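Some notes on the structure that comes next.
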There are 2 protein chains.
Amino acid sequence: MSLKYAVLAALLEGEASGYELSKVFDVSLANFWASTPQQLYRELERLAQDGLIEARVVRQERRPDKRMFTLTEAGRRDLDAFAATPPRRPTAIRDELLIKIQAMDGVDPDATRALVEERGAWSRGKLARYRRVRERLLAGRTEAEYLRETDRVGPYLTLMGGIGFEEENLRWCERVLTVLRQRAPLG
Amino acid sequence: MSLKYAVLAALLEGEASGYELSKVFDVSLANFWASTPQQLYRELERLAQDGLIEARVVRQERRPDKRMFTLTEAGRRDLDAFAATPPRRPTAIRDELLIKIQAMDGVDPDATRALVEERGAWSRGKLARYRRVRERLLAGRTEAEYLRETDRVGPYLTLMGGIGFEEENLRWCERVLTVLRQRAPLG
DNA sequence: CCGCCTTAGTCGCATTGTTGAGTAGGTGCG
DNA sequence: CGCACCTACTCAACAATGCGACTAAGGCGG
């Protein structure tokens, strides 16, 4: 149900093809609503049928044709209504690693250490990408200047959410690694 | 697929009924793997059929009978194997509020403010419960003492993950509220 | 010039997850 | 003494998600 609105929100940035959206979902939206390309294409189909987005086929010479999608007025109204009402359900996190940590005490500490280090590396990567996006948005301005001058603060605030989340992740990884080191000192 | 291991991990704490597990999932496991009672009962059924857990019917006089579940040796081995291998997919967050924030710029700021305040209140509640659980675990000891004396650090580390996550949530809420105040000053 | 990568998707089934209701006795509250 | 809530589940139906492969063309490196 919410994938629908995630897609509509992504189209606030302007016209995009399904393929482009699947890239956007990978890097920025994936932060708070992950999905596979297949899900996206399906959702776009539905949204177009419901008149919330409009499709326009772009013929290409040396590439497969693509369909570019834009928000319709109806879509924008639907999205605005969604954005103004309280979430039906709280945040859901699905984190396999945490299950593995919960059950770590029956397992070789070195194996666990490897998992946590992998997660840490991944978080550092995400963080670096988020920060580059932030630099691009700020374009040399301070945050205060940016916030005064831009007309859309939403994407900036969700980006900062992603940055905070990954920073917290890294702190947690460090903590876990410290505990692991104390448990099995100087393996 | 992972709900299975979340359940097995929960049973590391000892024998439990489906009903008890559904409570546990509400308060502690919900932190990183949410599920409804219905899902749990289905999963327990499957796990019992696969021989990973064992059921024992407890007749009760003034209550409906209940089935208590324990991990079998096979279940423990399966869980240990799971816990030692890298997660197939990265963390997935599903947060409707962030979609609403992403799309907030078409919406009355007071409506958005209300959503964020609600989230903040909810996070504070979760945090309070997490901290009570932590106090109970520590039982007056310092963290270092606790970690030296306990045989299972996994549950403590996931708990600290939950605490860090909610703290980060609160910081983010504050940040969003500050921006909202600056945008619509002294409404 | 062979094989792999990228663009731009599509198909279909299998697994998961969600919704809503039903059962059935016991407990506590005013 | 009536009503709501708690324990302890079960069932059916449906919606959402995931998995894996498939098409089809051009580009690029060795």
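As the structure is a computational prediction, the values presented were derived from the model and not from experiment. Reminder, nothing fancy here: chain letters follow the sequence lines and each chain counts from 1.
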Under 3.5 Å, sequence neighbours excluded: what are the donor-acceptor pairs made by side chains of residues 45-55 of chain A?
| residue | atom | partner | partner atom | Å |
| --- | --- | --- | --- | --- |
| Glu45(A) | OE1 | Arg67(A) | NH2 | 3.0 |

Gap between atoms [atom1] and [atom2], on [X] and [N] respectively (whole Å):
{"X": "Glu45(A)", "N": "dC11(C)", "atom1": "CD", "atom2": "C1'", "result": "13 Å"}
{"X": "Asp65(A)", "N": "dT10(C)", "atom1": "CG", "atom2": "C1'", "result": "15 Å"}
{"X": "Leu40(B)", "N": "dA8(D)", "atom1": "CG", "atom2": "C1'", "result": "13 Å"}
{"X": "Leu44(B)", "N": "dC11(D)", "atom1": "CG", "atom2": "C1'", "result": "16 Å"}
{"X": "Arg59(A)", "N": "dA24(D)", "atom1": "CZ", "atom2": "C1'", "result": "15 Å"}
{"X": "Lys23(A)", "N": "dG9(C)", "atom1": "NZ", "atom2": "C1'", "result": "12 Å"}
{"X": "Leu3(B)", "N": "dG18(D)", "atom1": "CG", "atom2": "P", "result": "15 Å"}
{"X": "Glu20(B)", "N": "dT7(D)", "atom1": "CD", "atom2": "P", "result": "10 Å"}

List, by chain and number, the other hydrophobic cluster members for [X], where Ile, Leu, Val, Met, Phe, Trp and Tyr join if side-chain heavy atoms come within less than 4.5 Å, directly or indirectly.
{"X": "Phe165(B)", "result": "Ile93(A), Phe165(A), Ile93(B)"}
{"X": "Val107(A)", "result": "none"}
{"X": "Val57(B)", "result": "none"}

Picking from [options], which would you name as closest to the side chain of [X]?
{"X": "Lys66(B)", "options": "dT17(D), dT7(C), dA8(D)", "answer": "dA8(D)"}
{"X": "Tyr41(A)", "options": "dG17(C), dT17(D), dA8(C)", "answer": "dA8(C)"}
{"X": "Gln60(B)", "options": "dA8(D), dA8(C), dG17(C)", "answer": "dA8(D)"}
{"X": "Arg67(B)", "options": "dT10(D), dT10(C), dT18(C)", "answer": "dT10(D)"}

- [ ] Would you mind reporting whether Leu98(B) and Trp172(B) have side-chain heavy atoms less than 4.5 Å apart?
- [x] yes
Open item on the list: List the residues meeting ring pair (Phe, Tyr, Trp, His ring centres under 6.0 Å) with Tyr5(A), not counting sequence neighbours, and say none if there are none.
Closed with: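 Checked Tyr5(A) against ring pair (Phe, Tyr, Trp, His ring centres under 6.0 Å); matches are Phe82(A).
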- [ ] Identify whether any heavy atom of Ser35(B) sits under 4.0 Å from a base atom; if not, whether one sits that close to sugar-phosphate; answer base, sugar-phosphate or nothing.
- [x] nothing
Open item on the list: Does Ser17(B) reach a base, just sugar-phosphate, or nothing at all? Heavy atoms under 4.0 Å.
Closed with: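 Sugar-phosphate: the residue Ser17(B), judged by heavy atoms under 4.0 Å, touches backbone atoms but no base.
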Open item on the list: With a 4.0 Å cutoff (strictly under), does any side-chain N or O of Tyr19(A) reach OP1 or OP2 of dT7(C)?
Closed with: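 For Tyr19(A), the contact criterion (side-chain N or O under 4.0 Å from OP1 or OP2 of dT7(C)) is met.
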TODO: Could you go through the side-chain contact (heavy atoms from CB on, under 4.5 Å) check for Ile101(A) and Val116(A) one step at a time?
DONE: CA-CA 9 Å; Ile101(A) 294 298; Val116(A) 176; 3.9 Å; yes
Quick test: give all pairs of protein nitrogen or oxygen and nucleotides 13-16 of chain C nitrogen or oxygen below 3.5 Å, distance rounded to 0.1 Å.
| residue | atom | partner | partner atom | Å |
| --- | --- | --- | --- | --- |
| dT16(C) | OP1 | Met1(B) | N | 3.1 |
| dT16(C) | OP2 | Arg46(B) | NH1 | 3.3 |
| dT16(C) | O5' | Met1(B) | N | 3.3 |

TODO: Could you name each residue pair satisfying salt bridge (Lys or Arg N to Asp or Glu O under 4.0 Å) that touches residues 3-19 of chain B, not counting sequence neighbours?
DONE: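 Passing the test, one end in residues 3-19 of chain B: Lys4(B)-Asp78(B), Glu13(B)-Arg152(B), Glu15(B)-Arg56(B).
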- [ ] Quick one: which residue pairs count as a salt bridge (Lys or Arg N to Asp or Glu O under 4.0 Å) with a foot in residues 114-127 of chain B, not counting sequence neighbours?
- [x]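 The answer is Asp95(B)-Arg119(B).
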Hey, what are the protein-to-nucleotides 20-23 of chain D N/O distances that come in under 3.5 Å?
| residue | atom | partner | partner atom | Å |
| --- | --- | --- | --- | --- |
| dG20(D) | O6 | Gln38(A) | NE2 | 3.2 |

- [ ] Identify whether the distance between the nearest side-chain nitrogen and carboxylate oxygen of Asp80(B) and Arg77(B) falls below 4.0 Å.
- [x] no
TODO: Report the residues that fulfil side-chain hydrogen bond (donor to acceptor under 3.5 Å, both in side chains) with Arg131(B), sequence neighbours left out, ordered by chain and then residue number.
DONE: Glu167(B)
Task: Counterpart residues, side chain to side chain contact (heavy atoms under 4.5 Å, CB included), relative to Glu20(A) (two or more places apart) - done: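 Partners of Glu20(A) under the side chain to side chain contact (heavy atoms under 4.5 Å, CB included) test: Ala16(A), Ser17(A), Lys66(A), Met68(A).
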Open item on the list: Taking the axis from the first five pairs and the axis from the last five, what angle separates them in the helix from dC1(C)-dG30(D) to dG30(C)-dC1(D), rounded to 10 degrees?
Closed with: 40°
